[in-house]
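Only one structure is covered here, and it is reproduced in the block below.
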Amino acid sequence: MTSVLDRPQGRHSGAAPRRRLVVVGNGMAGARAVEEVLARGGADQFAITMFGDEPYGNYNRIMLSHVLSGEESDADIFLNALSWYRENSITLHAGVRVDRIDKFTKHVFSDDGRVTPYDTLIIATGSRSHMPPMDGLYTPGGSVKNGVFGFRTIDDTRRMVQHAQQEHHRRAVVIGGGLLGLEAAYGLKSHGIEVEVVHSGGHLMNAQMGPDGGAVLRRSVEALGIRVHTSSRTTAVLGTDRVSGVSLRDRDDIACDMVVVAAGIRPNVDVAVLSGLPVERAIVVDDRLMVQDEDEIYAVGECVQHRGEVYGLVAPLWEQAVVLANHVTGADTSAAYLGSRTATKLKVAGVDVASMGLHGPELDTDEHIVFSEPSRGVFKSIVVRDNKMVGATLLGDSRKVAYLTQAYDRGLPLPEERIALMFDVGGPGEDVGVAELDDGAQVCNCNGVSKKALVDAVKGGCTSVSGAMDATRAGKGCGSCKLLVRQVVEWAADGAVEEDPAASYYVPGIPLDKPSLMAAIQKLGLRSVSQVFTALAPGSAEDAKSKMGLASLLKMMLADRYIDERDARFINDRVHANIQRDGTFSVVPQMKGGVTSVQQLRRIADVAEKHKVPLIKLTGGQRIDLLGIPKEDLPQVWADLDMPSGYAYGKSFRTVKTCVGKDFCRYGTGDSTKLGIEIESRFQGIESPAKLKLAVSGCPRNCAESLVKDVGVVAVEGGRWELYVGGAAGAHIRKGDLLATVDDPEEVKLLTGRFMQYYREQANWLERTYAFVPRVGIEHLRAVIVEDSEGIAAQLDAAMQAAVDSYVDPWSERDDPLTPGQFRTSLPLTVLPQVPVR
Amino acid sequence: MSADTTGANHVGTEPVSTKSHVLGPVDQIPFGEGRAFGVDGEQVAVFRLRDGSLRALSAVCPHRGGPIADGTIDLQVVICPLHQHAFSLESGCSSTGAEPLRTYGVQEDAEQNIVLAYPHISGNSLA
């Protein structure tokens, strides 16, 4: 039974009744259209209801390839979270599919039995993966066979990742060598899967480029270890209940565990057809985006056919949404959409690809300028007609893209020396100043934000970079344009760029930078995290995201006067072990300087055997890691080990890596092992803004890799020691800066402690030394720490000594848990996901 | 008392769809932290907020199965320790784009025991 529902009551109930705007489709087009409507005061005109097939807020579909490759988490690609709908009083029916529209009575019927009346309707149903005809694609039940995937939605992507990560799944076939197919292949490859691409066209990405470019691209793709079969068609998916391979028309079968179908998209027009709306290749709309011959029904995005064109890219959708919103709200009833010129600029499978207009010459008089360097994966092709650029393909080098896009969009006159189109030989290139950049030049390609939109945002009062980014969404897609966004904002604000105040907060929940926060804590005599919230947070509100940073800061400032509240710690620091992806923990016994003994090895072996430790692993810092320990077993593991904690978990001083040093090594000039042990003993367990990893090398051969450590010590000829700070060889790579060269190990320990204390007091929360050292400058550090230019050296030394003195081995909690249930399992009854055991 | 994680006392039956489970003394959860309980074969994370009130949510993060009871909380949200997805303690909705967590009614009775209102699932073995 269905019933006609009342209009949703929003915050305007009681005022003049608002018209009902219903949007079918909650993807990038639907949500963007609504945003544009809201931007034109639509919230006062309309009560808005949205229907979305997928059970989420809306997300950036373009970024799914990054989710697949693991470069982004799926949480990072949401454009509007559910809160956006609430804040804008939009009624969202997520996970509800609209079956039919009654355009005569103006109602929408959805598969949850709901009947929703509208005054104005927007159809934004988008498109879906095209499944080309082949045998064995479906089960007898009619669903797609297990192991066969489209690549269209976040659920598709999650399922693909899950499938790819199952240990016995080794091989995948991607059907389709277009943009999407190559993205899928690249993403799967990053999960260690062997991937083959089957493409029916004669060359890869034949919709975007000609055969020569396709050949260069193929070389680059194959260099990634992805096999490519062009001019080949898949005739069948093999396997009965699960995929075992594919059959090709004129080649041998390929065995595989999964098949990804990326053979194009088809507009979703079922609802429109069923409801009697005009549909050809897609829903036919006029220049107002109004469905042909209908009143009050609009359509937008990939489900739309406008002047015979159907678009499958995101940029036209932004242009359509603007025109549509102008008409729906009456803001500008003369607005007209005249079609889009499409240019693609993407990173496909790690290769820069840009393409616009023609792939090659069509008329005898067309000029075709080609540069090809396949060994570097670089290919450039430009088509010129009547001294105007009518097409370009760029592979592997996109430095000239901004300029070429502009030349193509605006029909700019071209330099006589055509080579200047491809290379910087005087013509405006990438180094075109922001000032010369055309108003319409697209700065953010993910969200279609032009230079003008950013400039307008700045003029409208968004004078901070983050403010302008929030207002326009520039830089909120892949983020590769952030630098350019900053330059444009700085230029538009004419030097009056405000720093975003929140960017300087030490933790997000308390509006103070670190020096002010420390001063306030001192002045008010605050001693615990909850006291800090009560005294300094807006509304005295606790903030989960701020707890860990505050706990670290207070411990640093107060040492043993700190009142330790366990709920302010991250789980690692509550149980003194490192949480792993399956919710188990890893335990690292202390092994100072990387030196161990027969007794210790035997003890560790016994404990590992007794507790059936699934993986024993040497860490990057020369320690033994026992992985896969259930939380509830941690106290017993510690008790059996009866060794101090090795600090592999917290934001704290961790380990000192060492080389053999002078006793055994033929080259060693200093006793690196002894010094490493002394440093590790002294600073064990010291909290810091981010982890600290140290090393000591016995000679300039640097076997302990001291030049890429937070603090690295190198023994040099003549019994002297060099001290490097701010090195890194992890997510970032940086050679440390030389802080000092000193004569004896005691001096090394003193300066190490003084540097660590200065870093503890001055660095931002989670700011590693590789960011901190260049920020404050090595000359400044040298002055303060070595030459005591500020007269604070004694103070720093004393504060570090107090911290050292307050050290207690956290593993002493093993026999007497500090809080009830400290070591109680939090794991699901059925453990998931399982970490593979080698 | 070292609370078990596999079974909980089952007291009485509320009409039709909800059962109450007494999960033992509230003291077993420190203020500002959470603990996991096995209830009817499901894992439930119960949090004791710093204001003394209780919240109960499904204990498994829908994103990658993370242990929600090990999360960091304030009065509004819990943050999963694995990938920092945030969930409202009240509604279970995620502000970071994850699927929502299921929520349960939970309160403290006169004897300072945690009482969980657990929706009955048909076909469940608990008679």
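Hydrogens, waters and symmetry mates play no part in the numbers below; they use all other heavy atoms, side chains included. Chain A is the first sequence line, chain B the second, and so forth, proteins listed ahead of strands; every chain is numbered from 1. What you see is a predicted model, and the numbers here were worked out from it, not measured in a lab.
- Chain B forms more heavy-atom pairs under 4.5 Å with one residue of A:F533, A:F570, A:Y59 than with any other, namely A:F570.
- Around atom CD of B:E90, no more than 12 heavy atoms belonging to other residues, nucleotides or ligands sit under 6.0 Å away.
- Of all heavy-atom pairs spanning A:A544 and B:V77, the tightest one is CB-CG2, 4.2 Å.
- Summarising the geometry, atom CD belonging to B:E99 is positioned 5.5 Å from atom CZ belonging to A:R158; distances are rounded to the nearest 0.5 Å.
- For A:S530, the part lying near chain B is the side chain, with the backbone staying farther off; criterion is any non-hydrogen pair under 4.5 Å.
- For A:R569, the part lying under 4.5 angstrom from a heavy atom of chain B is the backbone only.
- Only the side chain of B:I79 comes within less than 4.5 Å of a heavy atom of chain A; its backbone N, CA, C and O stay farther away.
- Between B:D70 and A:K631 the shortest side-chain heavy-atom distance falls below 4.5 Å.
- Taking OG from B:S91 and CG from A:L82, the interatomic distance works out to 9.5 Å, rounded to the nearest 0.5 Å.
- Atoms CG and OG, on B:L75 and A:S540 in that order, are 11.0 Å from each other to the nearest 0.5 Å.
- Nearest heavy-atom pair across B:I73 and A:E542 is O-OE2, 4.3 Å.
- Counting heavy-atom neighbours within 6.0 Å of A:Q162 CD, excluding the residue itself, gives a total of 12 or less.
- Once rounded to the nearest 0.5 Å, the distance linking OG of A:S73 with CD of B:Q84 reads 10.0 Å.
- Using a 4.5 Å cut-off on side-chain heavy atoms (C-beta onward), A:D567 and B:R50 make contact.
- Using a 4.5 Å cut-off between heavy atoms, B:H83 makes no contact with chain A at all.
- Ranked by heavy-atom pairs under 4.5 Å with chain A, the first of B:G71, B:S94, B:P81 is B:P81.
- The nearest pair of heavy atoms linking A:I579 to B:P67 is CD1-CG, 3.9 Å.
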